[in-house]
Amino acid sequence: MITLGVLGLQGSIAEHMNVLQQIKDVTAVAVKNPQTLTQIDGLILPGGESTTIGKLLKIFDLLEPLKEMINKGLPVWGTCAGMILLAKKISNQSETYLNVMDIEVCRNGYGSQLDSFNTQLTMPTISSLPIPLVFIRAPYIKNIWGDAKMIGQIDKRIIACQQKNILATSFHPELTDDLRFHKYFIEMIKKNT
Amino acid sequence: MNERYELNKNLAQMLKGGVIMDVVNAEQAKIAEDAGAVAVMALEKVPADIRKEGGVARMSDPKLIKEIKEAVSIPVMAKVRIGHFVEAQMLEAIGIDYIDESEVLTPADDMFHIDKETFHIPFVCGARNLGEALRRIGEGASMIRTKGEAGTGNIVEAVRHMRTMTGEIRKLKALSKDELMTAAKEMGAPYHLVIWVHENGKLPVVNFAAGGIATPADAALMMQLGSDGIFVGSGIFKSSNPQKTAQAIVKATAYYQDSQTLVSVSEDLGQPMQSVALDTLDDNQRFAKRGW
């Protein structure tokens with residue numbers, strides 16, 4: 001049995017929990033304090049507003065313990081806002097948050113809500129068949145370096161990548177019925193334990 | 001339309017658990033963003049001042065909305081008058097993120113709300129009960145909020161509207177299939193949406209609390225009553241310490257079940273906004289009665 005945490009401060013928390021309930025051998029818990037952080041095998045940073053979630057991480061003393069756990073190998077996956085929290089560089093602002101992933105992200109890279117879109121893409125790392133993707137005021141990855149490896153890109157913009165125990169996506173698999181990304185992350189956790 | 005509508009509902013989902021704050025200029029928008037707001041509502045006057053000054057309240061100056069949009073990276077919303085689809089066309093042209101077809105402004109049409117399905121941009125609308133919420137969703141709203149009684153700092157109407165909606169949803173869920181058409185007729189709600197609520201036991205879109213939230217405790221109360229998130233209008237920039245109040249309401253909304261946190265964020269906040277007892281308002285001073 002795997003205990004998977006979903007950072008429970010703001011955003012698409014219920015959506016991730018709903019997906020996880022459909023997967024066998026997984027217990028999902030919302031993480032809101034440092035104690036719960038010690039009880040999980042992996043953590044999802046959901047979509048939402050990165051400035052809000054980042055601020056709450058700092059105020060409620062979750063930022064430093066979480067950063068340390070990720071650096072020690074805790075599998076973590078950031079979707080949209082979660083990806084911004086993981087990045088070492090954010091193009092349109094000076095402040096960073098967890099500062100653990102060798103990527104530079106561009107916030108609201110596609111524009112306002114009128115520029116939000118759906119599409120699909122085949123990413124061989126995840127599956128040989130196309131995966132539906134939902135982009136909501138999404139960021140994209142401008143640059144990667146070090147150990148970060150590209151998983152998928154659209155129009156030369158990287159929208160999914162992995163760096164050892166860290167996974168990041170610009171889009172929201174939790175808003176679709178497709179379980180493949182969540183299952184991929186669970187495989188990452190199984191390899192880790 | 002269908003795909004766009006899904007994307008618009010999805011944006012509202014990303015705002016869940018957050019606080020959307022009314023701001024009247026770029027400086028206030030920055031304060032709201034720094035305090036951890038998930039979005040700002042750009043308007044010329046907060047509801048408390050609209051109430052005080054009277055006259056016709058309209059959509060804000062586009063220049064002001066553009067300045068606010070420039071100043072922050074979080075989503076920007078703005079209000080249009082009920083039924084004023086040209087104001088909505090203008091906000092869509094500016095390219096903000098969400099339109100509030102709002103009873104806080106003076107209605108432009110006392111018969112018809114905007115046909116929101118004809119727009120790409122998402123709409124949030126106020127509702128006092130389930131029937132009203134489903135009528136707005138039927139017109140294309142992708143997010144709902146309680147009407148409450150804006151600009152009063154009095155939570156009682158928002159509580160009433162949220163309790164009414166959740167109570168009616170529970171009742172609808174308990175009905176048998178052959179009773180649903182009569183329920184739709186009585187509520188004045190689209191039949192297909194009545195069926196959806198009966199089957200799923202919730203609204204098909206995100207539902208926030210609005211209208212009268214003045215303290216962190218008010219925000220946490222609405223969250224415990226089942227709101228997905230919070231709109232604060234006059235409650236922040238009409239309080240004696242806007243920065244601190246804004247942060248405190250953000251923290252209280254995220255940790256709404258944690259009494260210790262609620263105590264610590266509520267300490268030494270200073271005066272909340274000046275409040276109004278609702279029995280002192282005449283019927284024509286009640287914003288919640290605007291729209292149908």
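Numbers restart at 1 for each chain; the letters A, B, ... are given by sequence-line order, proteins then strands. FYI, side chains are in, hydrogens and waters are out, and symmetry mates aren't considered; it's all heavy atoms of this structure.
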In the structure I gave you, are the side-chain heavy atoms of [X] and [Y] within less than 4.5 Å of one another anywhere?
{"X": "A:Ile59", "Y": "B:Gln247", "value": "yes"}
{"X": "B:Glu92", "Y": "A:Leu114", "value": "yes"}
{"X": "B:His120", "Y": "A:Gln113", "value": "no"}
{"X": "B:Lys251", "Y": "A:Phe60", "value": "yes"}
{"X": "B:Gln13", "Y": "A:Ser12", "value": "no"}
{"X": "B:Met14", "Y": "A:His172", "value": "yes"}
{"X": "A:Lys55", "Y": "B:Val250", "value": "no"}

Subject >> Greatest number of heavy atom pairs closer than 4.5 Å to chain A - which of B:Pro75, B:Ala39, B:Gly17, B:Gly36 >> reply: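 Counting heavy-atom pairs under 4.5 Å, the top option is B:Pro75.
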Subject >> Options B:Ile74, B:Ile121, B:Val76, ranked by heavy-atom pairs under 4.5 Å with chain A, top entry >> reply: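 Most heavy-atom pairs within the cutoff with chain A belong to B:Ile74.
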Non-hydrogen atoms of chain B under 4.5 Å away: do they reach the side chain of [X], the backbone, both or neither?
{"X": "A:Asn108", "answer": "side chain"}
{"X": "A:Leu175", "answer": "side chain"}
{"X": "A:Glu95", "answer": "neither"}

Original post:
Looking only at heavy atoms, which of residues 20-30 of chain B get nearer than 4.5 Å to chain A?
Top reply: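 Contacts with chain A: none.
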**OP:** Flag the one option from A:Ser116, A:Gly47, A:Gly8 with the top tally of heavy-atom pairs under 4.5 Å to chain B.
**Re:**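 That would be A:Ser116.
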Is it the side chain or the backbone of [X] that comes within 4.5 Å of chain A heavy atoms, both, or neither?
{"X": "B:Tyr98", "answer": "neither"}
{"X": "B:Ala37", "answer": "backbone"}
{"X": "B:Thr261", "answer": "side chain"}
{"X": "B:Asp34", "answer": "backbone"}

With a 6.0 Å cut-off (strictly less than), is the heavy-atom count around [atom1] of [X], excluding the residue itself, greater than 12?
{"X": "A:Gln22", "atom1": "CD", "value": "yes"}
{"X": "A:Lys164", "atom1": "NZ", "value": "no"}
{"X": "A:Tyr184", "atom1": "OH", "value": "yes"}
{"X": "B:Met90", "atom1": "CE", "value": "no"}
{"X": "B:Gln243", "atom1": "CD", "value": "no"}
{"X": "A:Lys89", "atom1": "NZ", "value": "no"}
{"X": "A:Lys67", "atom1": "NZ", "value": "yes"}
{"X": "B:Gln224", "atom1": "CD", "value": "yes"}

Which distance, rounded to the nearest 0.5 Å, do you find between the [atom1] of [X] and the [atom2] of [Y]?
{"X": "B:Leu15", "Y": "A:Thr52", "atom1": "CG", "atom2": "OG1", "value": "9.0 Å"}
{"X": "A:Leu9", "Y": "B:Tyr255", "atom1": "CG", "atom2": "OH", "value": "4.5 Å"}
{"X": "A:Phe135", "Y": "B:Asn10", "atom1": "CZ", "atom2": "CG", "value": "13.0 Å"}
{"X": "B:Lys9", "Y": "A:Ile136", "atom1": "NZ", "atom2": "CD1", "value": "12.0 Å"}

**OP:** List in chain and number order the residues that pass side chain to side chain contact (heavy atoms under 4.5 Å, CB included) with B:Ile65, two or more places apart in sequence or in another chain; answer none if no residue qualifies.
**Re:**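 Counting only residues at least two positions away or on another chain, B:Ile65 forms a side chain to side chain contact (heavy atoms under 4.5 Å, CB included) with B:Ala42, B:Ser60, B:Ala78, B:Leu91, B:Ile94, B:Ile96.
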